[in-house]
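Just so it is clear, the values below take in all heavy atoms, side chains as well, and ignore hydrogens, waters and symmetry mates.
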Amino acid sequence: MSKTVAEIVVDTLEKAGAKRIYGIPGDTINHFTDAVSRSDLRWVHVRHEEAGAFAAGGEAYMTGELAVCAGTCGPGSLHFVNGIYESHRNGAPVVLVASEVDRPQKGFDFPQDVDQKKIYEQHSVFCEHISHPAQARRIVAMAAQAALTKGGVAVVIVSGDMFQESDDDAAEWRVHRPRPVARPNDEELAELADLVDQAKRVTIYAGIGARDAREAVVALCRKVKAPMVHTTRAKEWLEPGNPFNVGINGILGNRAGLNALEKADLVISVGCDFAYTQFYPDRKIVQIDIDPTHLGRRAPIHLGLVGDARTTLEALLPKVREKSDEKHLSRHLKEWQEDLGDYEDAGDEPDPSLIHPQFVANLLDAKAAGDAIFISDVGTPMVWMLRHLKANGSRRFLNSLLHGTMASAMPQAIGAKLAYPDRQVIAMCGDGGLSMLMGDLLTLVQEEVPVKLLVFNNSSLGFVEMEQRVEGLVDHFTTLENPDFSKVAEACGIAGFRADNAEQLGSAMDAWLAAPGPALLDVKVNRMELVMPPKVEVSQVASTAMFGVKAVFDGRMKEVVSLLRSNFLK
């Protein structure tokens, strides 16, 4: 019995493990959405396609399973672009069904005609047209297989009229998900072992690529007395209960993490792809990565090896000699405890009329569920998440660390909550990020998604403002004229709560977390907050001082006093 292309696409996605499709219906996908309505797939109707791509990516990232979004021709499918970039960069297995105008109209500048392949092939692991009905199952199966095995977005492009075509669908094209293991050859492992044996101070730098290798990382640290520094994305996997963890490197990191790398004479980087070159030491670096094209592309390395983290470290362990000198390890473990104390101190609130964002994050850490899923907007909410929320092995974390996009937290939380309806899902939103896609507050109501939204409301683009001030500039164009977000939430049918000072926050947060459906807590946090990097350069202090001088001459003396009060006189 023949099937329409729409039915074949839907059936293939179902068999590949997809459970939900995020999008907005319309013209060129009407036959596709009709097929969805007759399937077990759930159509999640968002208000903006970008939010749909974020939501699909949030679901896929958290589950490791396929999520789908679908859009109409032209502007509909183009609206997905930023969310698709985010999902592709963080490795979420997403399939985008991007439709085009009917085939007879292609090539004639027909209204809403866009060449989707030129748009999406630059940020996908697979991007192909279904150009004949007999290709439908094969193309979609290959797209799903690419998304799941390569980790990223696959795009299937279909003209509107193609969905109505039929095929006998005789060939059984299926999705395969092999899980091979790989490690360096014996000679390379021997070379690495020799480097480890010769080094007096070894530091392990582990990324999200080592998320399945935690026990092997710990075993290697124990044997060679090495502190472990981890990347921001690896926090949830490698930090919990790890006696060798000394924190994070990079601009969002801490002193112990930075120093453990700088003081080592050998750094073994496993499962991470360097980001900020200025935070990597001028030392011997061995990089282990599953992708050979990543070796040495962002920081100079002494030795590059290809292999998956767990298999490689397990093969290395018996080849290295056990070390006895613990001075390097002990020094940075002590610094790490001091860093943790500093984070706790930063969350103290001596002024009940003021709310520091660190105080909000510490309180959230204490009150949130032990298996909560936290998703933050880029900027300062991301910093408070990484520094003040504790990973315990059950909690999950998601930030836009590779793409750095605004507005991701709330829609990604939609996908995470739909995937895990019995877990607490909290979106830590910036006021700029939330307001950018605020229309999808209505999605929380219409689709009955009980996400908890925490708004760090400082009436500014806070991270941008901080960047400008650290560079010695008077901040410009960063002020946001915000509404009372709790009232906006209530107007949308969402429980709204607000805290204007520290004395109100505890009870407001309790009520917000206890609300049975979607809920929003609007917290007026201190605007004059500096996000301090792990190593403060003289030039940064001088530049901040220069901001103060310029601000005084600009008639903004109150802001200078507030900045000092908030960051240096606490």
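- A 4.5 Å side-chain heavy-atom check between Thr12 and Val10 finds every atom pair outside the cut-off.
- A donor-acceptor distance shorter than 3.5 angstrom exists from the side chain of His88 to the backbone of Val153, with no hydrogens or angles considered.
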Step by step, work out the side chain to side chain contact (heavy atoms under 4.5 Å, CB included) result for Phe80 and Leu96. CA-CA 9 Å; Phe80 284 105; Leu96 167 64; 3.9 Å; yes

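- Glu447 has a carboxylate O that lies under 4.0 Å from a charged side-chain N of Arg42, or vice versa, which qualifies the two as a salt bridge.
- Without hydrogens or angle criteria, Lys15 side chain to Ala141 main chain gives no donor-acceptor distance under 3.5 Å.
- Closest of all the heavy-atom pairs between Asn245 and Trp336 is O-CD1, 3.3 Å.
- Contact detail for Gly496 and Ala489: the closest heavy-atom pair is CA-CB, 4.4 Å.
- Put simply, the side chain of Asp431 never gets that close to the backbone of Pro483: no donor and acceptor are under 3.5 Å apart.
- For the residue pair Ser400 / Glu86, a side-chain donor-acceptor distance below 3.5 Å is found, with atom types taken as modelled.
- Looking at Asp522 and Arg498, a side-chain N of the basic residue comes within less than 4.0 Å of a carboxylate O on the acidic one, giving a salt bridge.
- Closest non-hydrogen pair, Cys272 versus Asp289, comes out as O-OD2, 3.9 Å.
- A donor-acceptor pair is defined here as one N or O able to donate and one able to accept, closer than 3.5 Å; no such pair exists between the side chain of Asn501 and the backbone of Leu354.
- Between the Ser99 side chain and the Gly71 main chain, a donor and an acceptor come within less than 3.5 Å of each other.
- Side-chain atoms of Asp440 come within 3.5 Å of backbone N or O of Arg47 as a donor-acceptor pair.
- By the 4.0 Å N-to-carboxylate-O rule, Arg38 lies close enough to Glu7 to be salt-bridged with it.
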side-chain hydrogen bond (donor to acceptor under 3.5 Å, both in side chains) between Asn82 and His403, intermediate numbers included: CA-CA 9 Å; Asn82 190 54; His403 191 42; 2.9 Å; yes

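- Between Glu128 and Lys117 there is a salt bridge, with a side-chain nitrogen of the basic residue lying less than 4.0 Å from a carboxylate oxygen of the acidic one.
- Results of the side-chain contact (heavy atoms from CB on, under 4.5 Å) test with Val360 over Leu521, Ile355, Asn526 single out Ile355 as the only residue that passes.
- Put simply, the side chain of Arg20 reaches to within 4.5 Å of the side chain of Tyr22, judged on heavy atoms.
- Aromatic ring orientation, Phe32 versus Trp43: perpendicular (interplanar angle above 60°, classes split at 30° and 60°).
- For Glu344 and Lys390, the salt-bridge test passes: some basic side-chain N is under 4.0 Å from an acidic carboxylate O.
- The existence of a salt bridge linking Asp365 and Arg395 is confirmed by a sub-4.0 Å separation between a basic side-chain nitrogen and an acidic carboxylate oxygen.
- Under 3.5 Å, the side chains of Lys19 and Thr63 contain no donor-acceptor pair of N or O atoms.
- Relative orientation of the Phe397 and Phe374 rings is parallel, given thresholds of 30° and 60° on the angle between their planes.
- No donor-acceptor pair closer than 3.5 Å links the side chain of Ser376 to the backbone N or O of Met428.
- Here the shortest heavy-atom pairing between Ile494 and Pro518 reads CG2-O, 3.3 Å.
- The backbone N or O of Cys73 lies less than 3.5 Å from a partner atom in the side chain of Thr28, making a donor-acceptor pair.
- Between the Asp371 side chain and the Ser394 main chain, no donor and acceptor come within less than 3.5 Å of each other.
- Between the side chain of Ser507 and the main chain of Gln504, a donor-acceptor pair closer than 3.5 Å is present.
- A donor-acceptor contact closer than 3.5 angstrom links the side chains of Gln122 and Tyr85.
- Checked for salt-bridge contact, Asp339 and Arg255 meet the test: a charged N lies under 4.0 Å from a carboxylate O.
- Each of Val94, Val44, Ile21 was compared with Cys69 under the side-chain contact (heavy atoms from CB on, under 4.5 Å) criterion, and only Val94 meets it.
- The heavy-atom pair separating Gln116 from Ser77 by the smallest distance is NE2-CB, 3.1 Å.
- Looking at Asp11 and Arg137, a side-chain N of the basic residue comes within less than 4.0 Å of a carboxylate O on the acidic one, giving a salt bridge.
- Side-chain contact between Val378 and Thr405 is absent, with no heavy atoms from C-beta onward closer than 4.5 Å.
- Closest heavy-atom contact between Ile373 and Ala416: CG2-CB, 4.3 Å.
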Going through the checks in order, is the side-chain hydrogen bond (donor to acceptor under 3.5 Å, both in side chains) test met by Gln412 and Tyr61? CA-CA 9 Å; Gln412 284 178 328; Tyr61 181 90; over 6 Å; no

